[in-house]
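See below for the structure under consideration.
Source: prediction; values computed, not measured. In listed order, ligands and their atoms are each counted from 1.
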Amino acid sequence: MLNVLRKIVQEVNAAKDLKTALGIIVLRVKEAMGSHVCSVYLLDPDTNRFVLMATEGLNKRSIGKVSMAPNEGLVGLVGTREEPLNLENASDHPRYRYFAETGEERYASFLGAPIIHHRRVMGVLVIQQKENRQFDEGEEAFLVTMSAQLAGVIAHAEATGSIRGLGRQGKGIQEARFVGVPGAPGAAVGTAVVVLPPADLEVVPDKPIKDIEAEVERFKAALEGVRQDMRELSSKLASQLRKEERALFDVYLMMLDDASIGLEVKRVIRTGQWAQGALRQVVMEHVKRFELMDDHYLRERASDVRDIGRRLLAYLQEERKQNLVYDDNTILVSEELSPAMLGEVPQGKLVGLVSVQGSGNSHVAILARAMGIPTVMGVVDLPYSKVDGIQLIVDGYHGEVFTNPSEILRRQYAEVVEEERQLTQGLDALRALPCETLDGHRMPLWVNTGLLADVVRAQERGAEGVGLYRSEVPFMNGQRFPSEKEQLAIYREQLAAFHPLPVTMRTLDIGGDKALSYFPIKESNPFLGWRGIRVTLDHPEIFLVQARAMLKASEGLNNLRILLPMISGIHELEEALHLIHRAWGEVRDEGTDVPLPPVGVMIEIPAAVYQTRDLARQVDFLSVGSNDLTQYLLAVDRNNPRVADLYDYLHPAVLQALQHVVRDAHAEGKPVSICGEMAGDPSAAVLLLAMGFDSLSMNATNLPKVKWLLRQISLSKAKELLTQLMTIDNPQVIHSTLHLALRNLGLGRVINPAASVQS
Ligand code: PEP
Ligand code: MG
């Protein structure tokens, strides 16, 4: 059964549009289940009716005509109950409704399963049989499994359809909305530029071309490049491989031959498709054919074809890279955005970011917030390879992307962009003013840095120090670990730029979703694996070099503070402190006269929350990493869009943990800061103020908003609000109560400037 299921899903996945996909579904499911009828009804969101979209067995003329409201018929019942319905004799059921045009009176038994995607009922999959009979458990399970698998495929095909429907010439433009999660606040209107990860054939977009001959030549050059590589590889391995094994290279060369893939790709290019698109089409067709074969050996050949495709694509992309044209209002779209991709856009041209993978707490989103670029993450249903060159709106407040937006929507969002610009400009005046509440309480606002550009931005916005310098960022750019000398120069720049303000440098925090290309860590559970201090304690040579570089860089400046990430217990802290003392001794022996800097611990693992007092006793300060603390307390992967709506730093458990940390840190007489993204959320900052945090560290972009809000409220009012919210057990209610309270105080303008568009 699993095999049948896999084949159907594969075939449906390759369908060119929704109609074809649904046609395949009904045909194949009917065959697989040996039923007399199989039909798909989809819920039309405009009319809120289940419409018959495809059928095998019923009268095809009723397709698109027969429909029922959720409170009508058996299909409506399956859709509203969100449960399968298995009836021996459908007409006996009180909800049975007869549609003469379908000719369904001939069918007695009925089995329906809801099609649900991300909690949204999309439709109902039905099979029917002439004779009175109860479908058995196995059949019911098959249909349920089928519809669960198809839900994603249908959502994808539906989305692709709505994008393809546009016609670039402006005919039949359809606006479509895709929901993801907020990555970085702000709105942007611009043109999509799809960036591909290196040589990922399956996601190559379609693209029309004009100069067909030039494109064919480009492809020929790629063919020749791969042929050459194959010959070289074959002769290089001549001494290591047996003759039969080397035959593989001959097979590859044959596939590249003019009579095979090479010829087919050229044929598609001649229809006006660019080389990469033509290659994807041909290779994927071959792959699909091989994968559907029952013979194991032949099925395996699919991976050879894929490999050939990737190699050719790599050649073609090298050229494309230089040709990538960035519009003045570029919205970068990618399956999985990487910091390197952001870096390639010429300055001033990047207005928005969209990533299919990842969530608001992925590091690329943190980077985007630091750069102030509106971003939507985890737009899992966006057929992103199809959007290159079309107009997009990115709503980073709500986590939504609109393709082909109407003129009205574009205008509305352009207004939001302008309002946001004015708000930021207006807040510039706050730069020199202290962050002080109405009743005179001072709250130091610090910044998180990593990129060089952060320094200028932080200074422009009036930061009072650096609460978190992510030292792994410069490690991510190179091809090897930076030397002590190289690190010293980078750290010195950072310390000098903020001097005499304090700079809190976190020791290397790699692992999780922060990979170094030259130090790969492959784990099935990376966020629970070898991360942060665990890596550097296992590699004291890395830790010591970094600590020495930091200490030396602070000579004469003395504004360094060292922060230790991912501490889960006292033993780790003691080991790290020991290494810091050793590095300090070494640099002093070498003649660098620096005092031992204050050392702090990040509280970002639940175990550390309960050991706050023990940890605090041994260090000079604490800093809460609410990004990881939220992920670990709630057991919600900060990178996974499927569970992004469960990730919530206003969850009562997180709020209670934060209160606990502040109370215990202060009981030991130690200051406590918070450097997770929560500190940069103006409304959450009100609660952190009330809890008694001694400073807040955030991205420079949000600092003025937080300052503005904290200057408009009194500490006593904030405490009152916190007390009220701590009695609420539901995160959603906490959000709405907090936002409402701030709006009622007339402080809503920094919470969500795009609210008017959505209302
Ligand atoms: C955190 O976890 O809150 C934090 C500040 O560290 P990072 O986001 O770099 O993991
Ligand atoms: Mg962290």
Side-chain angles (χ1 to χ4, degrees), residues 183-184 339 358-371 375 377 445-451 454 465-476 503-516 521 526-536 561-568 572 576 600-609 621-640 644 647-651 654-655 657-658 661-662 672-681 684-685 688 693 695-703:
S359 82
N361 299 286
S362 304
H363 281 94
V364 71
I366 291 176
L367 202 67
R369 281 197 284 275
M371 294 166 73
T375 301
M377 304 287 294
L445 299 188
W446 294 15
V447 276
N448 296 347
T449 60
L451 303 171
D454 291 336
V466 176
L468 172 66
Y469 168 69
R470 287 188 167 94
S471 72
E472 57 278 3
V473 176
F475 278 64
M476 286 173 164
V503 175
T504 312
M505 295 199 154
R506 179 170 72 182
T507 61
L508 193 63
D509 186 20
I510 52 169
D513 63 344
K514 286 181 283 195
L516 302 180
I521 302 172
F527 278 112
L528 297 182
W530 208 40
R531 262 197 89 181
I533 202 77
R534 300 171 183 181
V535 178
T536 49
R561 300 169 9 125
I562 295 181
L563 181 60
L564 302 166
M566 286 292 290
I567 295 283
S568 66
E572 284 169 341
V601 155
M602 286 194 78
I603 306 289
E604 52 183 348
I605 296 182
V609 171
F621 66 95
L622 300 177
S623 183
V624 175
S626 55
N627 303 339
D628 278 314
L629 186 57
T630 305
Q631 128 163 299
Y632 294 128
L633 269 177
L634 304 181
V636 175
D637 181 344
R638 62 193 266 187
N639 256 344
N640 183 344
Y647 182 100
D648 192 344
Y649 46 67
L650 292 186
H651 189 290
V654 179
L655 297 179
L658 294 174
V661 173
V662 175
V672 57
S673 169
I674 175 162
C675 60
E677 292 298 298
M678 180 181 187
D681 169 348
L688 300 172
F693 276 96
S695 59
L696 309 179
S697 191
M698 64 203 69
N699 63 68
T701 308
N702 274 19
L703 192 142

### Task
Any atoms of ligand 1 less than 4.0 Å from a non-hydrogen atom of Gly625? List them with their elements.
1 (C), 2 (O), 3 (O)
### Query
Which bit of Met678 is near ligand 1, meaning a heavy atom under 4.0 Å away: side chain, backbone, both or neither?
neither
### Task
State whether the side chain of Arg534 and the backbone N or O of Gly529 hold a donor-acceptor pair below 3.5 Å, judged by distance alone.
yes
### Query
Donor-acceptor pair, Tyr647 side chain versus Asn639 backbone, under 3.5 Å?
no
### Query
Hey, which protein N/O/S atoms does the Mg ion (ligand 2) have under 2.8 Å?
Glu604 OE1, Asp628 OD2
### Query
Taking only heavy atoms of Gly676, which atoms of ligand 1 are found under 4.0 Å from at least one of them?
3 (O)
### Query
Quick one: are Thr701 and Met371 in side-chain contact, heavy atoms under 4.5 Å?
no
### Query
Has ligand 1 got any nitrogen or oxygen that is less than 3.5 angstrom from a nitrogen or oxygen of Glu604?
yes
### Message
Tell me the closest heavy-atom pair linking Thr507 and Ser471, and the distance in Å.
### Response
C-OG, 3.6 Å
### Query
Does the side chain of Ile605 reach to within under 4.5 Å of the side chain of Ile567, using non-hydrogen atoms?
no
#### Entry: Residue pair Gly680 / Met698: nearest heavy atoms and the distance that separates them
CA-CB, 3.6 Å
### Message
Taking the side chain as everything from C-beta on, heavy atoms only, tell me whether Asn699 gets closer than 4.5 Å to Asn448.
### Response
no
### Task
Check each atom of ligand 1 against the heavy atoms of Leu468 and keep those under 4.0 Å away; list them by number with element.
5 (C)
### Query
Heavy atom under 4.0 Å from ligand 1: found in Glu677's side chain, backbone, both, or neither?
neither
### Task
For the pair Tyr649 (side chain) and Leu629 (backbone), establish whether a donor and an acceptor sit closer than 3.5 Å, ignoring hydrogens and angles.
no
### Donor-acceptor under 3.5 Å (Thr504 side chain, Leu468 main chain)
no
### Query
Do Ser697 side-chain atoms and Val447 backbone N/O form a donor-acceptor pair below 3.5 Å?
yes
### Message
Less than 4.0 Å is my threshold; does some heavy atom of Arg531 fall inside it relative to ligand 1?
### Response
yes
### Message
Heavy atoms only, cut-off 4.0 Å: how does Leu629 contact ligand 1, side chain, backbone, both, or neither?
### Response
neither
### Message
Within ligand 1, which atoms have a heavy atom of Lys514 less than 4.0 Å away?
### Response
9 (O), 10 (O)
### Query
Arg506 near ligand 1, heavy-atom distance under 4.0 Å?
yes
### Query
Against heavy atoms of Met602, which atoms of ligand 1 measure under 4.0 Å?
4 (C), 5 (C)
### Validation row: Asn627, Glu604 side chains within 4.5 angstrom (heavy atoms)
no
